[in-house]
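Worksheet: one structure, shown below.
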Amino acid sequence: MPSKPRRVTQREIAELAGVSQTTVSVVLNDRDGKNVRIPAETRARVKAAIEELTYVADPAARRLAGLDNQIIGLFTYEAALSPESMDFYGPLLNGLERAAEQVGWDLLFFTSSPVENGTRSLFHRKTRLRLTDGCVLLGQQMVASELERLVAEQFPFVAIGRRDETAAAVPYVAIDYVTPANELMDQAVAHGHQQALYVHRGTDTPTARDRRLAVEAASAEGRLSFLLVGEERIPELPRLAQATGATVILGEDAFLTEDVVHSLTAAGIGVPDEISVAALAEVRGHRVEGRALAGFHVPRERLAAEALDLLQLLIATDPSEWHTLEIRRLLVAEVRSSETIVPRKAQA
């Protein structure tokens with residue numbers, strides 16, 4: 001792990017500003033400037049010295065001295081603005097833009113770090129992280145060493161999504177997919193379904209694991225018997241459904257679920273007349289065979305607003321007090337039933 005930057009001392013600040021160390025201490029702890037014993041000119045010299053010495057090395061001292069820039073960094077480990085990514089990132093970026101506008105802060109979108117091997121490095125030499133007062137991180141996969149470095153340096157940041165890459169105290173705002181997944185599966189059981197297939201991508205992200213574990217638990221408990229199917233086997237679904245007696249198929253995301261429907265209909269299997277389908281994911285904007293797709297509505301704009309709210313709290317709080325804050329927040333996705341998951345008794 002890269003070494004932590006050296007912390008600038010009050011003695012060094014005092015020497016550069018031409019004042020006593022006590023004066024520096026008073027300025028650092030008198031953020032609102034109410035201490036009239038310190039002349040404005042002296043205060044300005046101290047702040048100028050802090051800015052010169054700690055612009056990169058000690059952002060915590062800058063915040064305490066009132067030198068924040070009201071700029072929030074936005075970093076995505078994967079390309080966020082491609083057509084393939086916008087379905088996921090678009091609502092988050094929109095929510096961050098609105099939330100930042102409401103508090104009068106600017107967003108700085110880090111794009112100078114190149115995508116290499118499918119990911120970016122937050123600490124790439126071109127990334128202007130230290131121009132910001134804090135940063136919001138987005139990405140399906142994040143680099144554990146970079147998260148640990150941010151925590152060690154006490155740099156304010158919030159990750160979108162639960163982070164399992166490290167045991168470090170990473171602040172995050174995430175979606176609870178387990179609760180709505182169980183609710184949707186319970187609805188399928190209530191409709192008379194007993195045998196099911198779960199189509200997944202095989203990725204090892206926290207949310208993918210959550211959904212897969214929820215499906216496995218439902219099967220182990222006997223609520224709904226599942227066969228797990230990798231996405232590469234989608235062409236085999238008609239045969240697998242017939243062999244297992246599956247009457248409902250769940251997909252890890254809406255795009256996979258659309259592929260499931262295409263595979264079934266190409267084989268002459270009616271959806272949902274013969275087999276019901278649903279996605280354990282966001283389904284807004286997704287329709288199959290003219291029908292609204294069953295699945296979740298994920299509050300992504302609220303997720304973004306919560307992330308910015310938590311980041312503001314971290315910025316406004318001395319790092320020594322961060323352990324007293326609730327730095328992890330979970331929001332629950334809403335289950336949206338539709339015509340693509342129907343009662344078993346209504347099927348042929």
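Two residues are said to be in side-chain contact when any heavy atoms from C-beta on lie closer than 4.5 Å; Leu280 and Phe296 meet this criterion. Two residues are said to be in side-chain contact when any heavy atoms from C-beta on lie closer than 4.5 Å; Val143 and Glu165 fail this criterion. Proximity of Val173 to Leu310: side-chain heavy atoms (C-beta onward) are separated by under 4.5 Å at one or more points. Contact annotation: the side chain of Asp204 approaches that of Arg209 to within less than 4.5 Å [non-hydrogen atoms, C-beta and beyond].
The pair Arg98-Glu101 fails the salt-bridge criterion, with no side-chain N (NZ, NE, NH1 or NH2) lying under 4.0 Å from an Asp/Glu carboxylate O. A salt bridge links Glu334 to Arg336: one of the charged nitrogens lies within less than 4.0 Å of a carboxylate oxygen. Ion pair Asp210/Arg212 not flagged as a salt bridge, since none of the NZ, NE, NH1 or NH2 atoms sits closer than 4.0 Å to an Asp/Glu carboxylate oxygen. The pair Glu306-Arg329 meets the salt-bridge criterion, with a side-chain N (NZ, NE, NH1 or NH2) lying under 4.0 Å from an Asp/Glu carboxylate O.
Of all heavy-atom pairs between Ala188 and Leu224, the closest is CB-CD2, 4.3 Å. The two residues Leu184 and Gly295 come nearest to each other via the heavy atoms CD1-CA, 3.9 Å. Across all non-hydrogen atoms, the minimal contact from Ile341 to Ala294 is CG2-CB, 3.6 Å. The shortest non-hydrogen separation linking Ala305 to Ala99 is CA-CB, 4.0 Å.
No donor-acceptor pair under 3.5 Å is formed between the side chain of Ser225 and the backbone N or O of Gln194. At distances below 3.5 Å, not a single donor-acceptor pair connects side-chain atoms of Thr340 with backbone N or O atoms of Leu293. Listed for the Glu231 side chain is no donor-acceptor partner under 3.5 Å among the backbone atoms of His200. Between the Thr76 side chain and the Gly139 main chain, no donor and acceptor come within less than 3.5 Å of each other. With hydrogens and angles ignored, the 3.5 Å screen pairs no side-chain donor or acceptor of Trp105 with any backbone N or O of Ile72. Panel note: side chain Ser263, backbone Asp259; no donor-acceptor pair is recorded below 3.5 Å. Distance alone, capped at 3.5 Å, places no donor-acceptor pair between the Asp176 side chain and the Leu331 backbone. Using a distance-only test at 3.5 Å, with no hydrogens or angles considered, a donor-acceptor pair links the side chain of Arg287 to the main chain of Gly290. Looking only at distances, no side-chain donor or acceptor of Thr23 sits under 3.5 Å from a matching main-chain atom of Val19. A donor-acceptor pair under 3.5 Å is absent between the side-chain atoms of Thr42 and the main chain of Ile38, judged by distance alone.
The hydrophobic cluster containing Val170 also contains Phe123, counting ILVMFWY residues as joined when their side-chain heavy atoms lie under 4.5 angstrom apart, directly or transitively. In the hydrophobic clustering of ILVMFWY residues, with side-chain heavy atoms under 4.5 Å counting as a link, Phe226 and Leu213 come out apart. Residues Leu330 and Leu303 do not share a hydrophobic cluster, defined by chaining ILVMFWY side chains whose heavy atoms lie under 4.5 Å apart. Grouping the Ile, Leu, Val, Met, Phe, Trp and Tyr side chains by contacts below 4.5 angstrom, directly or via other members, places Ile71 with Leu131. Clustering ILVMFWY residues whenever any of their side-chain heavy atoms sit less than 4.5 angstrom apart, transitively, puts Leu107 in the very cluster that holds Leu92.
Inspection of the Thr205 and Gln141 side chains reveals no N or O donor paired with an N or O acceptor under 3.5 Å. Judged purely by distance below 3.5 Å, without hydrogens or angles, the side chains of Glu301 and Asn94 pair a donor atom with an acceptor atom.
Separation of atoms CD1 (Ile269) and OG1 (Thr265) is listed at 9.0 Å; rounding is to 0.5 Å. Thr132 contributes atom OG1, which lies 10.5 Å from atom CG of Leu74 (distance to the nearest 0.5 angstrom). Here the CG atom belonging to Leu138 is positioned 6.5 Å from the CG atom belonging to Leu96, to the nearest 0.5 angstrom. Note that the CG atom of Leu311 and the SG atom of Cys135 stand 8.0 Å from one another [nearest 0.5 Å]. To the nearest 0.5 Å, atom CD1 of residue Ile160 and atom CE of residue Met142 are 7.5 Å apart. The distance from the CZ atom of Phe157 to the CG atom of Leu147 is 5.5 Å, given to the nearest 0.5 Å.
Within a 6.0 Å sphere centred on CD of Glu258, heavy atoms belonging to other residues, nucleotides or ligands number more than 12. Residue Gln242 places its CD atom among 12 or fewer non-hydrogen atoms of other residues, nucleotides or ligands, all under 6.0 Å distant. Counting non-hydrogen atoms of other residues, nucleotides and ligands closer than 6.0 Å to CD of Glu321 gives a total above 12.
No close placement of the Phe110 and His124 rings is indicated, their centers lying 6.0 Å or farther apart.
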**Message:** Evaluate Ile234 against Leu256 for side chain to side chain contact (heavy atoms under 4.5 Å, CB included), listing each step before the verdict.
**Reply:** CA-CA 9 Å; Ile234 286 179; Leu256 273 184; 3.9 Å; yes
**Request:** Apply the test side chain to side chain contact (heavy atoms under 4.5 Å, CB included) to residues Leu314 and Leu325: give CA-CA distance (whole Å), side-chain angles for both, the deciding distance (0.1 Å), then the verdict.
**Result:** CA-CA 8 Å; Leu314 291 169; Leu325 304 177; 3.9 Å; yes
**Message:** Between Glu148 and Thr166, is the side-chain hydrogen bond (donor to acceptor under 3.5 Å, both in side chains) condition met? List the steps.
**Reply:** CA-CA 7 Å; Glu148 291 163 358; Thr166 173; 2.8 Å; yes
**Request:** Apply side chain to side chain contact (heavy atoms under 4.5 Å, CB included) to Arg162 and Tyr172, showing your working.
**Result:** CA-CA 6 Å; Arg162 195 182 82 240; Tyr172 66 72; 3.3 Å; yes
**Message:** For Tyr198 and Met185: C-alpha separation, side-chain torsions, deciding distance, then whether side chain to side chain contact (heavy atoms under 4.5 Å, CB included) applies.
**Reply:** CA-CA 11 Å; Tyr198 178 60; Met185 288 186 289; over 6 Å; no
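Between His191 and His193, the ring planes lie perpendicular to each other; the angle is over 60°, past the 30° to 60° tilted range.
Both the sub-6.0 Å distance and the 45° axial angle are satisfied by Arg211 relative to the ring of Tyr177.
Here the options are Gln140, Arg120, Glu146, the test is side chain to side chain donor-acceptor pair (under 3.5 Å), and the partner is Tyr77; only Glu146 passes.
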